[in-house]
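The structure under discussion appears below in the form of structure tokens.
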Amino acid sequence: MTDVSAGELMVAQAAREIRDGETVFVGMRLPLIAFVLAKKTHAPSAIGLFELGIIRDEPAGELLYTMGDNPNVENALWCGPMLAVMGMLQRGEVQAGFIGGAEIDRHGNLNTTAIGADRMHPTVALPGSGGGADIASLAHRLIVIMPHDKRRLREKVDFITSPGYGTGGDWRRRVGLVHGGPSVLITTLGVFRFEDGDAVLASYHPGSSVDDVRANTGWQLRVASDVRETELPSAEVLRIIRGYDPQGFWTRRGE
Amino acid sequence: MTDVSAGELMVAQAAREIRDGETVFVGMRLPLIAFVLAKKTHAPSAIGLFELGIIRDEPAGELLYTMGDNPNVENALWCGPMLAVMGMLQRGEVQAGFIGGAEIDRHGNLNTTAIGADRMHPTVALPGSGGGADIASLAHRLIVIMPHDKRRLREKVDFITSPGYGTGGDWRRRVGLVHGGPSVLITTLGVFRFEDGDAVLASYHPGSSVDDVRANTGWQLRVASDVRETELPSAEVLRIIRGYDPQGFWTRRGE
Amino acid sequence: MSIAIGCALEPAIPFAFAHELIRQRKRDLTLIGPISDILFDQLIGAGCVARVEAAWVGNVSAGLGHCYRRALEQGEPRRIEVRDHSNFSIGQALLAGAIGAQYIATKTLLGSDIARTNPTFKESTSPFDGSKELLVPAITPDLAVLACQVADRDGSAELQGPWGVSYEAALAAKSAIVLAEIVPAEIVVRTPNRAIVPATKVVAVVHEPGACHPSSLSRMYQRDHEFFHEYHRATRTALGFDRWIAEWVTGVPDRAAYLRKLGPRWDALDARVKFAPTTEPN
Amino acid sequence: MSIAIGCALEPAIPFAFAHELIRQRKRDLTLIGPISDILFDQLIGAGCVARVEAAWVGNVSAGLGHCYRRALEQGEPRRIEVRDHSNFSIGQALLAGAIGAQYIATKTLLGSDIARTNPTFKESTSPFDGSKELLVPAITPDLAVLACQVADRDGSAELQGPWGVSYEAALAAKSAIVLAEIVPAEIVVRTPNRAIVPATKVVAVVHEPGACHPSSLSRMYQRDHEFFHEYHRATRTALGFDRWIAEWVTGVPDRAAYLRKLGPRWDALDARVKFAPTTEPN
């Protein structure tokens, strides 16, 4: 594990969530690298959407800092109004989307708006939804990537910016969401799947353990019966990740 | 009158309905020539909208047959989606619009859809609304231009394609239309104004008379107390009309 | 199958596509578009059409469409269903389809019999202020057919000139087909803002630069006004229409033969005038 | 006064305009936009803002916006009202404004606390099938401010690169101001399809080709990523923010002086890279 960073492990896991031929809301940083990795391995015909109004069939050739950077515009397949790509999302044409957040709860609800009981007088004013709430509302599957921290994985978030499974069960259907919800939560310590709208630990990363994950999770941990250690990325996968992010700008942060 | 056609007279009357600085849905044929005339005389800063998605500050240099003709596209101020110009209409930014029809009634309702009691099994299937019903619904003022014929100026039209004043009075407000309605009906025989949603003959063209208009109108004619003969266009106005339509293609039809 | 076609209104109407539909004897089509000039009239006369959702069906140069009249007045060659729209209402229906909305609430057509007779519309009151409104439900055609000046092989296509509701129709449709002059990708893609529809939606690109005659295509060729009048005169009777179709559609194998048949008339429309080089700041 | 600004999201943000607002000590502004990066943070910190209607307020490179935090957490330099949106909801609000609709009915944000806390939204049920929906009312800003690559003196302006909600914002606004390199009319007008907003709506065109630093402008200059990090570090305290504004905004008379102050750093962003000549078919 010493020479594979948590970021690299998360990227490798996230890339597996993209299936070939799918249309995916990509986002920046680790999700973007996961998209690049998926395109170069098992999902060569996946299409990437960027909410500011860009559609790409090939990722930009160089590392991006924001989705509006010029390399992401050049040779885009299409470039125009945001509503065209958001329209694809609401039409149900987007199979998967990536999202992160400051906080998540056991039902996969994400908070990126405000910490504290009163949104208008918060303890910490977070930036807000951006397109996150839209992706969480409308994409068929949500892939969540977050640092693992007890203050971030909470029993209940202060504000549901991006709806997961609400209070669990058929909550999404009841509030009017037609499909979607988180299919996976990938953290710096492990991978969760969702069963009946509840997060269940599916694997812990090399160097971590079920107990370690439990100690760093703010809700009563549910563990899959077949929980196992997260598979290490192959040499080929690492080569692709490191080729795209040679300085480890995004994949080796904080190490 | 022998050397001024009804078309020229109608164009001259219609041009007066456009005020300087106004934004106008133009249309084709006589209305377009009226717009050209207004721009060259008293309304140099009027703006012309064409529903297929064109905005012009200067009319096309040559006679148009359809609003999509290439000369109407070249040097347009703006060219793009229809909804942008229709949006201006619904936002209340369009002061006036021109419209014609197969039939009109005393309340200024126009039928361009079907003659006969059953729209789905009509005696004559007319082409339909185009943008006419939108202009009639949403422009601040409607300028109607039509040939004068007893079968066209009817007590009641078979189908209200483009709403005028409905059954009169405050009908427009009651059906939800915020403003608008015909301000003038210009025919081959005379000019009508609307009072409380009712057409009132304001002037008869040279060569016609109140009785002539009455004999050719399908409703019980109301005549203004100050009814008079329609003013002939000035030599300058005729020069401009004939300069734009030198063959009389639109202004001397049927003569 | 529902097809949005002729969505730029008077110009850029893909007649070549409609003629091939007639040659292939397609049936039971639903036609969608604000004003498609005589394209809708031809498909109706040829018996291809079960339903029309449009703001206007006729002949822009001559007025009435004889085939449309025969279909509605006499049920010949078959009865068709009509769902009346205005230009704005069909534009909003396609916009709703494009953004995945169920409907758009509008103030147009209030008081019009169109609002009363189109069975898809719903009159309602605003949940905000109780004012009257018309709810126009989304239209999502199976296919949108666009004629453009240029496209690349992937489907990135540029439409210069008025767009009408072409953009909304392409986004609202499940798939799109583009007829254009196919050019190298870098010409279209290097300025991806110009592509009217994401290539991801385009299932076929047809190299057919003369696809729009007798309508115009901005910067490529003028409208053939007299052709519309000739069509009007020739199709006053069903027999006349059949003869016209035999001469101009079923009697020619493809668009190239059609343009050859036009001969000097085609050249007289400034045809083959391509884009002028664009001056860009540098 | 309400101003839609930064509507292309991360690129093409008219910082030059915001800085002039600060220099002129404008007050009580309502800011409208999906994501305007640190432009909103700066205007909030300078006390110009009474309300924000946005999907995101912060620093795209560094995360949190310190001035936004101080305003909400401590009421410094003043309390501001926030109307939360998502990118899609604010896009639809501006679309509704653009087409003159009272609202758009959407399925996004159902179940999100944004739907609950934004007082302008209304949860409803569809008149068609009874399904739940969120009604997003129109936003019609007093002013939309756009940074574009080129514009002519009349206001025909071309924005290359992603548009975000710029088009909808410009149509929804009562007036628009364009910051761009002013070029002869024939360059923009000869292809009127490229103009992002009708010139009839544009009340001022400002010749300010470097208006967007530190954000990027496609084909003109790159984003200055480090500048965003520097701003983040410098503005952790209110005092630090005041110093930053004194150095970069009130301490320079205009954009030209700002760019001179940037010096070689400006050139390093490939600045002054203008459009490449476009290859068009001929």
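None of these values were measured; they are calculated from a predicted model. Protein chains get the first letters and strands the later ones, always in sequence-line order, with residue 1 at the start of each.
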Study note, to complete from the structure: Pair count under 4.5 Å, heavy atoms only, with chain B: among C:Ala12, C:Gly58, C:Gly65, C:Ser112, highest is C:Ser112
Identify which of [options] forms the greatest number of heavy-atom pairs closer than 4.5 Å to chain C.
| options | result |
| --- | --- |
| B:Gly131, B:Gly53, B:Ala84 | B:Gly131 |
| B:Ser162, B:Gly87, B:Gly166, B:Gly128 | B:Gly128 |
| B:Pro71, B:Ala125, B:Gly130 | B:Gly130 |
| B:Ala136, B:Pro122, B:Ala133 | B:Pro122 |
| B:Val124, B:Asp69, B:Thr161 | B:Val124 |

Given a strict heavy-atom distance threshold of 4.5 Å, which part of [X] is in contact with chain C: side chain, backbone, both, or neither?
| X | value |
| --- | --- |
| B:Leu126 | both |
| B:Ser137 | side chain |
| B:Arg173 | neither |
| B:Thr112 | neither |
| B:Arg174 | backbone |

Under 4.5 Å heavy-atom distance to chain B, tell me which part of [X] shows up: side chain, backbone, both or neither.
| X | result |
| --- | --- |
| C:Leu109 | both |
| C:Leu9 | side chain |
| C:Leu217 | backbone |
| C:Arg70 | neither |
| C:Glu123 | neither |

Review point. Would you say the side chains of B:Asp134 and C:Thr108 form a donor-acceptor pair under 3.5 Å?
Key: yes
Review point. Would you say the side-chain atoms of B:Gln90 and C:Thr106 include a donor-acceptor pair closer than 3.5 Å?
Key: yes
For the [atom1] atom of [X] and the [atom2] atom of [Y], what is their distance to the nearest 0.5 Å?
| X | Y | atom1 | atom2 | result |
| --- | --- | --- | --- | --- |
| B:Met120 | C:Glu81 | CE | CD | 7.5 Å |
| C:Ser216 | B:Asn70 | OG | CG | 4.5 Å |
| C:Ser86 | B:Glu51 | OG | CD | 9.5 Å |
| B:Tyr65 | C:Glu10 | OH | CD | 15.5 Å |
| B:Leu89 | C:Lys107 | CG | NZ | 14.5 Å |

Revision key, fill the gap. All heavy atoms of B:Met86 vs all of C:Asn87, minimum pair found to be CE-CB, 3.9 Å
Practice item. Determine the minimum heavy-atom distance between B:Gly176 and C:Leu110, stating which atoms define it. Key: O-CD1, 3.5 Å
Exercise for review: Using a cut-off of 6.0 Å, state whether more than 12 heavy atoms not belonging to B:Lys150 lie near its atom NZ.
Suggested key: yes
Practice item. Take atom CG of C:Asp129 as the centre, draw a 6.0 Å sphere, and report whether it contains more than 12 heavy atoms from other residues, nucleotides or ligands. Key: yes
With a 4.5 Å heavy-atom cut-off, do [X] and [Y] have their side chains touching?
| X | Y | answer |
| --- | --- | --- |
| C:Ile114 | B:Phe159 | yes |
| C:Ser218 | B:Val73 | yes |
| C:Arg223 | B:Thr66 | yes |
| C:Phe88 | B:Leu83 | yes |
| C:Leu64 | B:Pro127 | yes |
| C:Arg116 | B:Arg119 | no |
| B:Met67 | C:Pro162 | no |
| C:Val165 | B:Pro81 | no |

